[in-house]
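Each ligand, and each atom within it, is numbered from 1 in the order the structure gives. Just so it is clear, the values below take in all heavy atoms, side chains as well, and ignore hydrogens, waters and symmetry mates.
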Amino acid sequence: MLRGVELRGVRIPHNKATAELATVRMPVPTQVIMPMNQHVGAPCEVQVKRRAHVDVGTLLGHTDARMSADIFSPVSGTVREIRSIHYSNGRSTQAVVIESDGEQTIDNNIAPPEVTDYASLVEAVRHSGIVGLGGAGFPTWLKMDSDLSTIDCWLVNGAECEPYLSSDYREMVEHPDTILHGIRTCLDFSGVPRARICIENNKPRAIELLREMSAGDDRIEVFELPARYPQGASRVILRNVTGRSVPRGGHLTDVGALLFNVTTMSEIGRFLQDGMPLVRRRITVMGDAIETPQNLEVCIGTPVKEILEFCGLKSQPRKVVIGGPMMGITQVEFDAPIVRANSGLLAFTNELVDRPQTTACIRCSACIDNCPMRLAPIDIQKAYMRRDVEKLDELMADLCVECGTCSYVCPAKQPLAQSTRFARAFLRAKQREAKGRR
Ligand code: SF4
Ligand code: SF4
């Protein structure tokens with residue numbers, strides 16, 4: 001178990017200026033780029049050939065590998081190319097490039113799935129292309145395919161604690177019906193007795209609306225959380241909502257809980273009604289370089305540069321981030337597409353990007369005091385610099401949730417989150433190596 005003390009977090013400026021703006025649907029782009037690895041597992045194999053015609057919802061990628069989710073076309077048009085693309089993190093993957101014909105004709109196979117029991121519900125979601133839409137990209141069907149005999153609570157994560165992002169909030173105020181349809185169907189067929197929709201208390205409209213619409217269904221509770229970052233991290237929200245902690249190396253299911261992002265749950269509800277797999281998603285486009293900040297519903301696969309052009313740039317951005325400012329990934333390649341786990345696109349100018357010089361640690365302990373996982377980031381940094389595997393293991397570097405809080409609070413501007421991320425990867429690799437030798 002974790003050390004049995006309250007998990008922590010920080011108050012950070014929310015900067016959610018787009019929160020009360022209704023979602024705008026971006027016109028269909030001229031071209032979409034569909035990478036085959038839009039989930040945590042093995043990449044899909046391409047299922048279409050060059051010059052083939054595809055419709056909205058046509059299967060583009062599939063693999064029988066367990067940790068994966070099928071990929072579908074968001075546009076109708078012609079497959080122009082199947083090529084390798086490179087990400088800013090150095091990885092590369094196969095991608096299907098489709099030129100849109102602007103017609104948006106729907107694939108003939110699209111129909112609401114027939115669901116009669118929990119197994120058929122999981123099977124339906126398996127062919128929906130739905131993955132964790134809060135950023136995780138974990139195949140949703142696989143999460144549902146857990147042993148549910150000990151699960152007593154289905155948590156729905158509407159915390160959206162990252163600054164700037166308001167995509168989940170818009171889902172809660174614009175589509176509470178599909179969120180509740182998804183929850184009720186999951187509860188009906190799984191036998192899990194209750195669900196809790198967890199929302200930070202800086203979103204009173206979403207709390208009120210979901211309470212009003214779930215009134216009379218005793219299985220569903222809307223749970224109000226204090227607005228503290230990183231409230232939405234899975235182990236943090238679990239602890240704050242249920243008081244439970246996950247054993248080191250374990251999963252939420254080990255302590256009787258399942259956790260789904262609120263937009264993921266809404267997509268399940270929508271898919272059950274219309275049968276269209278996941279081909280579009282909402283992203284928050286913000287940052288001081290953006291002319292018209294907004295929540296935009298885009299075709300998955302839309303290139304970043306087309307979205308920036310659509311929203312307009314006040315000046316050339318110096319930094320573009322996919323995701324939120326705390327956990328997002330900086331982009332160097334603007335031709336890169338938005339993929340299904342992305343919930344934000346931020347563009348900043350010099351003023352907000354320039355970081356003060358890093359200075360020596362003053363041993364203030366702010367990084368330790370504020371780490372939600374009660375880790376000691378500065379000690380992890382030192383142990384990682386020595387590549388001291390035993391010390392990293394003792395410091396439990398593998399429990400880092402990569403929230404960025406330590407870097408944010410450090411007065412010396414030490415790159416703690418970055419070093420903890422490297423340390424975690426290094427420790428895990430060494431642990432895997434050791435396991436392989438045994
Ligand atoms: S990034 Fe990791 S070490 Fe830093 S505060 Fe978050 S959980 Fe703790
Ligand atoms: S917050 Fe920064 S200055 Fe303070 S102990 Fe941690 S590393 Fe040192």
Proximal ligand 1 atoms for Thr405, defined as those under 4.0 Å from one of its heavy atoms | 5 (S)
State the atoms of ligand 1, each with its element, that fall below the 4.0 Å cut-off from a heavy-atom position in Thr420.
-> 3 (S)
State whether Cys364 contributes an N/O/S atom found under 2.8 Å from atom 8 (Fe) of ligand 2.
-> no
For Cys410, the ligand 2 atoms whose distance to one of its heavy atoms is below 4.0 Å | 1 (S), 2 (Fe), 3 (S), 7 (S)
Sidechain-backbone polar pair: Thr420 side chain, Leu416 backbone, donor-acceptor under 3.5 Å | yes
Nearest to atom 8 (Fe) of ligand 2, what protein heavy atom do you find, and at what distance?
-> Cys361 SG, 2.4 Å
Student check: side-chain heavy atoms of Ile130 and Phe271 closer than 4.5 Å | yes
Donor-acceptor pair, side chain of Thr264 and main chain of Leu133, under 3.5 angstrom | yes
In ligand 1, the atoms that come under 4.0 Å of a heavy atom of Pro372 are 5 (S)
Heavy-atom nearest neighbour in the protein, as seen from atom 3 (S) of ligand 2, with distance rounded to 0.1 Å | Ile362 N, 3.4 Å
For a side chain to side chain donor-acceptor pair (under 3.5 Å) with Asn295, tell me which candidate from Ser166, Ser343, Ser167 qualifies.
-> Ser166
Proximity winner for atom 6 (Fe) of ligand 2, if only heavy atoms of Ser365, Cys371, Cys367 are counted = Cys367
Where ligand 2 meets Leu416 - atom numbers and elements under 4.0 angstrom, heavy-atom basis | 7 (S)
From the list Arg196, Arg194, Arg211, salt bridge (Lys or Arg N to Asp or Glu O under 4.0 Å) partner of Glu221 resolves to Arg196
Among protein heavy atoms, which sits nearest to atom 2 (Fe) of ligand 1, and what does the distance come to when rounded to 0.1 Å?
-> Cys400 SG, 2.4 Å
Considering only heavy atoms of Ile378, which atoms of ligand 2 have at least one such atom less than 4.0 Å away?
-> 7 (S)
Point-to-point distance, once rounded to the nearest 0.5 Å, from OG of Ser92 to NE2 of His86 = 5.5 Å
Counting from 1 in the order shown, the ligand 2 atoms closer than 4.0 Å to a non-hydrogen atom of Arg363 are 5 (S), 8 (Fe)
Near Gly404 (heavy-atom distance under 4.0 Å), the atoms of ligand 1 are 1 (S), 6 (Fe)
Cation-aromatic face contact Arg424/Phe426, 6.0 Å, 45 degrees | no
Residue and atom name of the nearest protein heavy atom (relative to atom 5 (S) of ligand 1), distance in Å to one decimal | Cys406 N, 3.4 Å
So the atoms of ligand 1 within less than 4.0 Å of a heavy atom of Pro377 turn out to be 3 (S)
Checking side chain to side chain contact (heavy atoms under 4.5 Å, CB included) against Cys371, which of Ile368, Asp369, Leu375 comes through?
-> Leu375
Please determine which of Arg282, Arg281, Arg280 meets the side chain to side chain donor-acceptor pair (under 3.5 Å) test together with Glu297.
-> Arg280
Report the distance from atom CG of Leu155 to atom OG1 of Thr242, rounding to the nearest 0.5 Å.
-> 6.5 Å
Top protein contact for atom 7 (S) of ligand 1, by heavy-atom distance = Val401 N, 3.4 Å
